[in-house]
Amino acid sequence: MADNRPKKSRKRRHRSPDIPAKRRQTDPPQASQSRHQPYIPPNELLRCLGLFLHQRCSKLSPSTIWPIRWLRNIDTHLLVAGYQSKNFLSSGSVVFLYMLCRDLISPEIDSMEELQASLLTYYYITYCYIGIELGYPPKPFLKGGSRTAFWERCISYSQIMSSKMMKINNDRQFYREVLAELKAMGR
């Protein structure tokens, strides 16, 4: 009895002559230098951020723990609510958040509510800028004040920091400098 099924071809597919056989390669020493970023655990960077806020807002003398709790609570809320599949608080997001805090938090803040509102606004901007979703719900980030005030702060801070936000995203050296400055807070 003959098998009438079509036979599979064992022909090899050849690359198109337009595609070069060898891909363009970068010089390995250059590639490793530009790609190597020192890894620092997010928990360590969050501790440094808490120390920075403690120093910057000396009028309040906030505990270094409270700002970290505020950030972790939002991260957990968005994870549980399904807005993200893993924690957002990574080394890169903490460095970005620190850059915003460093340039925008005033030492003249005179209440914990004002500090929390400012920090959570910066955190929302961080989420929107480097997060994986197109939009995040503002509700977990709203502390004290109205929605209108929150959106005005977001727009104002984004306009003030837009060039640095682009720079930290595109310039590895600038990122390293901000990271080194943040790490120095922990010493």
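- Cys48 contributes atom SG, which lies 11.0 Å from atom CG of Asn43 (distance to the nearest 0.5 angstrom).
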- Message: Does Leu71 form a side-chain contact (heavy atoms from CB on, under 4.5 Å) with Phe88? I'd like the steps, not just the answer.
- Response: CA-CA 10 Å; Leu71 301 174; Phe88 178 73; over 6 Å; no
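- Evaluation of the side chain to side chain contact (heavy atoms under 4.5 Å, CB included) rule for Ile155 yields Gln159 as partners, not counting sequence neighbours.
- For the pair Leu120 and Leu142, the minimum side-chain heavy-atom distance is 4.5 Å or more.
- Thr76 OG1 to Arg69 CZ: the interatomic distance, rounded to the nearest 0.5 Å, is 12.5 Å.
- Using modelled atom types and a 3.5 Å distance limit, the side chains of Glu181 and Tyr98 yield a donor-acceptor pair.
- For Tyr83, the OH atom counts as loosely surrounded, since its 6.0 Å shell holds 12 or fewer non-hydrogen atoms of other residues, nucleotides or ligands.
- Considering every non-hydrogen atom in both Arg102 and Phe52, the closest pair reads CA-CZ, 3.5 Å.
- Hydrophobic clustering (side-chain heavy atoms under 4.5 Å, transitive across Ile, Leu, Val, Met, Phe, Trp, Tyr) groups Tyr122 together with Leu60.
- Although no hydrogens or angles enter the test, the distance criterion places no donor-acceptor pair under 3.5 Å between the side chain of Ser118 and the main chain of Ile105.
- By the rule that hydrophobic residues join a cluster once side-chain heavy atoms approach within less than 4.5 Å of another member, Met112 and Ile68 end up as members of one cluster.
- To the nearest 0.5 Å, atoms OG (Ser111) and CD (Gln116) are separated by 10.0 Å.
- Residue Lys183 holds its NZ atom at 8.5 Å from CG of Leu45, rounded to the nearest 0.5 Å.
- A ring-ring contact (aromatic ring centres under 6.0 Å, His included) with Tyr129 is found for one member of Tyr157, Phe96, Tyr123, Tyr136 and no other, namely Phe96.
- Interatomic distance, OH of Tyr175 versus OG of Ser91, reported as 6.0 Å (0.5 Å rounding).
- Remark: Asn169 CG to Lys164 NZ distance equals 15.5 Å, nearest 0.5 Å.
- Heavy atoms only, all atoms of each residue included: Ser106 and Cys57 are closest at O-SG, 4.4 Å.
- Panel note: side chain Asp171, backbone Gln173; a donor-acceptor pair is recorded below 3.5 Å.
- No side-chain donor-acceptor contact under 3.5 Å links Ser156 to the backbone of Glu152.
- Side-chain contact between Met165 and Ile125: present, with at least one pair of heavy atoms (C-beta onward) separated by less than 4.5 Å.
- One hydrophobic cluster, built from ILVMFWY side chains closer than 4.5 Å, holds both Val95 and Ile40.
- Looking only at side-chain heavy atoms (C-beta outward), Lys143 and Thr121 stay at 4.5 Å or farther from each other.
- Between Met99 and Met161 the shortest heavy-atom distance is O-CE, 4.0 Å.
- With a 4.5 Å cut-off on side-chain heavy atoms, Leu49 and Pro67 do not count as touching.
- Between Glu108 and Lys59, at least one side-chain N (NZ, or NE/NH1/NH2) sits under 4.0 Å from a carboxylate O, which counts as a salt bridge.
- Cluster annotation: Ile109 is connected to Trp66 through the hydrophobic network of ILVMFWY side chains, with a link wherever side-chain heavy atoms come within less than 4.5 Å.
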- Item | Trace of the side-chain contact (heavy atoms from CB on, under 4.5 Å) decision for Met185 with Arg47 | CA-CA 9 Å; Met185 290 291 154; Arg47 185 183 70 77; over 6 Å; no
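- Listed here is the closest heavy atom pair of Leu119 and Leu53: CD2-CD1, 4.0 Å.
- Between Tyr124 and Phe141, the ring-plane angle classifies as perpendicular under the 30° and 60° cut-offs.
- Of all the heavy atoms in Leu78 and Pro140, the pair that sits closest is CD2-CG, 4.2 Å.
- The two residues Leu79 and Ser85 come nearest to each other via the heavy atoms CD1-C, 3.6 Å.
- By the rule that hydrophobic residues join a cluster once side-chain heavy atoms approach within less than 4.5 Å of another member, Val178 and Leu104 end up as members of one cluster.
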